[in-house]
Amino acid sequence: MLTDAYGVILSVNPGVEPHSGYPPKALVGRRITCLDVDPLHGNIRLALAHCVERLRPWRGVLLCRRADGRLIHQDGVFQPLGTGRDEPLRLLVTLHDVTDLCQQAQYDHALLQRFQGTLAQLPGVVFQLREDVRGELDFLYLSDGMGVLAGLSPSLVMQRADALLERMHAEDRAALTTSLAQSSVSLEPWVLEFRVETFDGLRWFEGRASPSRRRDGSTLWDGLMLDITARKQEEQRTQQLVSTDMLTGALNRRAFFDFGEALRARAARQGHAVPLAMLDLDHFKRLNDTYGHAVGDLALQAFAATCRDCLRPYDLFARIGGEEFVVMLVDTPLDEAWGVLDRLRTTVEAIELEMADTTLRITVSLGLAVLPPEGSLDLALSQADQALYRAKHEGRNRLAGAPNVPRVRRDARP
């Protein structure tokens with residue numbers, strides 16, 4: 001179409017009728033705004049004003065109304081012509097029907113909105129992570145679940161991945177680096193459980209993603225992060241039930257050997273020996289036979305509570321038999337171990353169990369051995385048991401050492 005500066009149509013090409021529904025003769029002499037869905041305030045009027053005032057082309061999508069009333073989207077170009085001093089301003093207007101494209105775009109946008117809404121309701125975070133050829137990590141996409149689960153804005157983490165990575169537990173951050181490297185090389189799925197410090201404390205997440213290699217050498221992972229804190233807490237409760245003696249709260253025999261082997265391996269790597277002691281309540285059978293098993297249970301509970309008070313939280317303390325217990329002292333030199341165990345013995349000796357008509361006292365005998373680097377836990381337990389037997393043979397309520405454990409008298413550790 002060719003119009004004057006006021007938008008009056010001067011001429012049109014023959015293709016205008018199938019395009020707009022108007023015969024060419026019906027449009028010549030009318031204002032082009034008659035094609036606008038809003039002739040007084042629509043975009044055609046704004047496009048005309050732009051061209052006339054600035055003498056510059058305008059391009060944009062216009063919502064127009066055909067002669068039959070149907071709305072169509074037009075890609076419009078308004079080009080000023082004849083801008084010389086003696087030439088009247090005219091406008092060359094080209095319209096192209098893009099209704100199908102606009103409808104597809106609207107459909108895609110609506111679909112994307114629904115998809116985003118669905119992602120926001122998921123109990124997790126949908127993500128796309130990239131590792132470039134230098135090994136740098138950045139998130140190309142994060143769903144709104146990042147804000148719900150971790151209290152972090154998705155846009156912030158996409159701008160700076162360390163906003164999330166810095167909150168990961170140090171051990172888990174190292175595991176993340178290793179596991180991503182393995183997945184990047186093998187292109188096998190990535191799976192990792194890790195801890196993140198969030199607005200309401202430390203929480204557990206599980207990440208799962210599928211990798212793909214890009215042409216530029218970078219690796220992309222498309223995946224999902226789920227909050228598994230409740231599951232981990234339940235696993236910990238179950239593990240506690242499985243590994244704990246229900247009467248005394250001490251580790252049970254199975255758990256002691258599991259943790260004891262782990263402690264032995266750690267000490268071996270450091271080249272350290274580990275003091276280990278067997279403990280046995282004196283005359284416990286007599287106490288049970290005289291006062292009953294209920295009183296015997298109270299004595300065991302009081303004894304176990306006293307031992308925990310005398311030991312550090314990370315020392316191993318376990319019940320491995322009826323009245324038999326074992327202790328492994330973590331990061332404790334042998335000379336200090338004598339003092340620690342002697343203090344435990346005297347503290348147990350001070351226990352008083354108030355019965356209806358009497359006060360009961362209990363004592364404990366202890367046998368100390370040393371688990372050397374590269375030594376056997378079973379052998380060390382056997383040596384501690386022999387030392388315990390000697391402590392009982394020598395009168396009970398005493399601490400005896402295995403033959404290879406010299407007696408060093410020293411104050412107990414604080």
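Hydrogens, waters and symmetry mates are skipped; everything else that's a heavy atom, side chains included, is used.
One N or O on the side chain of Ser183 and one on the backbone of Glu188 form a donor-acceptor pair closer than 3.5 Å. Looking only at distances, no side-chain donor or acceptor of Asn43 sits under 3.5 Å from a matching main-chain atom of Leu46. Not a single donor-acceptor pair under 3.5 Å links the side chain of Arg254 to the backbone N or O of Phe257. With Thr347 contributing its side chain and Arg343 its backbone, the two residues share a donor-acceptor pair below 3.5 Å. Distance alone, capped at 3.5 Å, places no donor-acceptor pair between the Arg66 side chain and the Ile72 backbone. Not one N or O on the side chain of Arg195 forms a donor-acceptor pair closer than 3.5 Å with the backbone of Ala170. The closest donor-acceptor contact from the side chain of Asp315 to the backbone of Val330 lies under 3.5 Å. Checked by atom type and distance alone, the side chain of Thr99 pairs as donor or acceptor with a backbone atom of His73 at under 3.5 Å. Using a distance-only test at 3.5 Å, with no hydrogens or angles considered, no donor-acceptor pair links the side chain of Thr178 to the main chain of Ala175.
Applying the side chain to side chain contact (heavy atoms under 4.5 Å, CB included) rule to Leu101 yields the partners Val98; only residues at least two apart in sequence or on another chain are considered. Legend: residues meeting side chain to side chain contact (heavy atoms under 4.5 Å, CB included) with Asp385, ordered by chain and number and at least two apart, are Met278, Glu324, Leu388. Partners of Pro23 under the side chain to side chain contact (heavy atoms under 4.5 Å, CB included) rule, at least two apart in sequence or in another chain, are Glu17, Ala26.
Other residues, nucleotides and ligands contribute over 12 non-hydrogen atoms within 6.0 Å of the CZ atom of Arg308. Heavy atoms of other residues, nucleotides or ligands lying less than 6.0 angstrom from CZ of Arg54 number 12 at most. For Met355, the CE atom sits in a packed shell: over 12 heavy atoms of surrounding residues, nucleotides or ligands are nearer than 6.0 Å. Residue Phe284 qualifies as enclosed at atom CZ: its count of foreign heavy atoms under 6.0 Å is above 12.
Under the 4.5 Å side-chain criterion, counting only non-hydrogen atoms from C-beta, Ile44 is in contact with Cys64. The closest side-chain heavy-atom distance from Arg231 to Trp204 is not below 4.5 Å.
Classification of Asp282 and Arg398 as a salt-bridged pair fails, no side-chain N sitting under 4.0 Å from a carboxylate O. Under 4.0 Å is where a charged nitrogen must lie from a carboxylate oxygen, and between Arg214 and Asp216 no such pair does. Between Arg31 and Asp36 there is no salt bridge, since no side-chain nitrogen of the basic residue lies less than 4.0 Å from a carboxylate oxygen of the acidic one. A salt bridge links Arg59 with Asp75: at least one charged nitrogen is closer than 4.0 Å to a carboxylate oxygen. With respect to Glu166 and Arg160, a salt bridge is recorded, a charged nitrogen being found less than 4.0 Å from a carboxylate O. Glu261 and Arg264 are joined by a salt bridge, as a carboxylate oxygen and a charged side-chain nitrogen come within less than 4.0 angstrom of each other.
Taking the six-membered ring where tryptophan is involved, the planes of Phe78 and Trp58 are perpendicular, since the angle between them exceeds 60° and thus also 30°.
Of the candidates Leu368, Leu311, Val327, Val340 forms a side-chain contact (heavy atoms from CB on, under 4.5 Å) with just one, namely Leu311. Partner of Glu349 under the side-chain hydrogen bond (donor to acceptor under 3.5 Å, both in side chains) criterion, out of Asn397, Thr363, Thr306: Asn397 alone.
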